[in-house]
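The next block holds one structure in the form of structure tokens; read it before the comments.
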Number of protein chains: 2
Amino acid sequence: MTPTIKDIAKAAEVSVTTVSRALNGYTDVNEETKKKILRIADELKYSPNIAARSLIVKKTKTLGLLLSGITRSSIKDNIAFEILCGMNDRSGELDYDLVLFNTTSQKQRMKSYKSLCLERGVDGVIIMGIRLDDPYLQEIVQSSIPCVLIDIPLAEKNVGSVSTDNVSGAYQATEHLIRGGHKHIGFINGHAQAYVSIKRLEGYRLALLDHDIEYREEFIADGSFSENGGYESAIMLATKHPEITALFCASDLMAIGAIQGLKNIGKTVPENVSIVGFDNIAISGYCSPTLTTIHQNKYDMGYRAAQMLVDMLEGRQVHPHLTLPAELVERQSVRILS
Amino acid sequence: MTPTIKDIAKAAEVSVTTVSRALNGYTDVNEETKKKILRIADELKYSPNIAARSLIVKKTKTLGLLLSGITRSSIKDNIAFEILCGMNDRSGELDYDLVLFNTTSQKQRMKSYKSLCLERGVDGVIIMGIRLDDPYLQEIVQSSIPCVLIDIPLAEKNVGSVSTDNVSGAYQATEHLIRGGHKHIGFINGHAQAYVSIKRLEGYRLALLDHDIEYREEFIADGSFSENGGYESAIMLATKHPEITALFCASDLMAIGAIQGLKNIGKTVPENVSIVGFDNIAISGYCSPTLTTIHQNKYDMGYRAAQMLVDMLEGRQVHPHLTLPAELVERQSVRILS
DNA sequence: TTGTAGGCGTTATCAT
DNA sequence: ATGATAACGCCTACAA
């Protein structure tokens, strides 16, 4: 059996209370006995049972992570992984553990968000990849469990958010194309139920507006954030509107699909059509042509999200919405006209 | 407060014992009262406290995941992520949760492997990315906590492993080059403290042997599995031994670095030097030239590892070493001579 | 400075 | 079929 404080107490010939106090660094315990207890605990290789403790103190030092729709297909654009790395690092530094909630399985899906958290006894939750129309989102807002949302800035009590400045990112992407002399700029967006899509559209429109370029709805398509969606949208846009000389894509994966799609109909990037992506995923620096894109600091998003959540849990004041800067990364997929 | 079985008992006017039994599907409880209890539990939105339960049953339905050295740099070759996806999917299906152990932080590193597991009360652990010389490895072997190792086939009680058939993979890679007419084949390996490196070297040697090609130690370099390591090793090998016309790299990331390194000294792939990688990471299909490589089914590794661990936990017989097939994926980085 | 006693939410044992 | 009671490992009044 693994030793308990009772075993230590017996060995040290004191009460469990004293052991508990010594172990938890209380000052009202004799130096000698304390030393003795610590020594014995060490000898016995004692380690506290967190379950038992949490029953009393109602804190588990555990953060839940709700990854919606993380499946095999998310592997290419490993954005979730980068965010996860940042979260994992920061929560480790802050001495919290991370538990992954599996929301893909049907069985789990039946459970309410709240019971998911309650059962596992997590202190707070970070949520990413959730769609605006996901029923969980409602529950989350209403629940009193502290949480931080990635990419959805909900204004509620106990809810924080971190996201990239999507408007600015899309604005920079579009403006970069405009400055390059492009006048007919298509936009392959994600889907209507993504907050980032709404914001990126906003940035796109704003840039056109600021540069006196007419906004044309028919220049826009949804590529559902997938490579294939980008592929088909690009073909559709380029075929229907051959005057388009540039495409802004709301994700790199769609941009990569778009490059293939264009190639398929005899157009090359950037000679015939220029492309700017969004995300700056690993592949973007290696594909051909390398992709001009908007860099999101995914690692930092995770890192800051963990920080924010722990701040909330430990009662520190936080600014509920953190927006990280987006940055243009120039590579080969844009041709400067004139 | 969140409701407990006590609250349900009060509302249903029965004892907590009966409630517990009803909730856990025991048969010795009246249909009527059972229905009533279930209804009330539902009304109260009751969800069991896993911590309290685990105190008694000593099972947490939680799997620990020890990721060694998963940091920002692991983002490009997101192998860990793919494995994680597989694990997450399977453990979800089997109704287990996954908790990430943060072993990068110094603080955590001080803790013994065993106390890490004990504190968190995980039923078992999956371990990946650990080096042969990591002190944890010793502890793991000795400890009685069931675990599954990724890529290290230790033969111990309560220890299982899953890995790709590295010997066969390396053999296929080398043979593919030999069949292509290459006689001077360099090998950029990872590092001596990786089990996979040992095995891949074995496969490389075996292929040379089978085809009557002399094994030359000076054709081998360690690239530490990093892009930069591959870059420098390739330059070194190609400069010292200009007769080398092909390079087998123990990871795609090193292969990609190697391509750059060769380019830097005026050699192109595959015209001057052919390259075969290992892993088949996402980038390999997009870089230029696209990379001929050995495919590892990373998702499956995670999936099967989770399955194996749960099998062990639930007392089912398992074969302790699972080896998944490796498969050659032909792309553009190899030139067939004559 | 130390110990006693009670309780956290659950399940198991033994009665009834 | 149901209920009292003890136990899991820990913490925290309160008392001494």
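So you know, we letter chains A, B, ... as the sequences are listed, proteins then strands, and number each from 1.
Pairing each heavy atom of Ile150(B) with each of Ala305(B), the nearest pair is CD1-CB, 3.8 Å.
A straight line from CD of Glu31(A) to C1' of dT2(C) spans 15 Å, rounded to a whole angstrom. When rounded to the nearest whole Å, the span between CG of Asn30(A) and P of dT1(C) equals 7 Å. In this structure, CG of Leu118(A) is placed 13 Å from C1' of dG9(C), rounded to the nearest angstrom. Look at NZ on Lys59(B): it is 16 Å from C1' on dA12(C), rounded to the nearest Å. Atom CG of Leu55(B) is separated from atom C1' of dG7(C) by 13 Å (rounded to the nearest Å). One atom, CG of Asp28(B), and another, P of dC14(C), lie 15 Å apart when rounded to the nearest Å. Summarising the geometry, the separation between CD on Glu32(B) and C1' on dT2(D) is reported as 15 Å, rounded to the nearest angstrom.
Summary of helix geometry: the two end axes of the helix from dT1(C)-dA16(D) to dT16(C)-dA1(D), each defined by five base pairs via their C1' atoms, are inclined to each other by 40° (rounded to 10°).
Between the side chain of Asp7(A) and the backbone N or O of Thr4(A), at least one donor-acceptor pair lies under 3.5 Å. Of the possible polar contacts, none joining the Asn24(A) side chain to the Tyr26(A) backbone as a donor-acceptor pair under 3.5 Å is found. In terms of modelled atom types and a separation under 3.5 Å, the side chain of Asp123(B) and the main chain of Thr60(B) share a donor-acceptor contact. Between the Asp311(A) side chain and the Arg316(A) main chain, no donor and acceptor come within less than 3.5 Å of each other.
A salt bridge is defined here as a Lys NZ or Arg NE, NH1 or NH2 lying under 4.0 Å from an Asp or Glu carboxylate O, and Glu43(B) with Arg39(B) meets this definition.
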Walk me through whether Thr18(B) and Ser15(B) qualify under side-chain hydrogen bond (donor to acceptor under 3.5 Å, both in side chains). CA-CA 5 Å; Thr18(B) 309; Ser15(B) 74; 3.2 Å; yes
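Residue Ser15(A) places none of its side-chain N or O atoms closer than 4.0 Å to OP1 or OP2 of dT2(C).
Asn78(A) and Glu82(A) form no side-chain donor-acceptor contact under 3.5 Å, judged by distance and modelled atom types alone. Tyr303(A) and Asn297(A) share no side-chain donor-acceptor pair at under 3.5 Å.
Along DNA chain D, the nucleotide nearest Thr27(B) and the nucleotide nearest Lys58(B) are compared for position; the residue whose nucleotide lies closer to the 5' end is Thr27(B).
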For a quick check, with a 4.0 angstrom heavy-atom cut-off, what is the B/S/- contact string for nucleotides 10-16 of chain D, read 5' to 3'? BSBB---
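Nucleic acid contact class of Ser54(A) (heavy atoms, under 4.0 Å, all strands): none.
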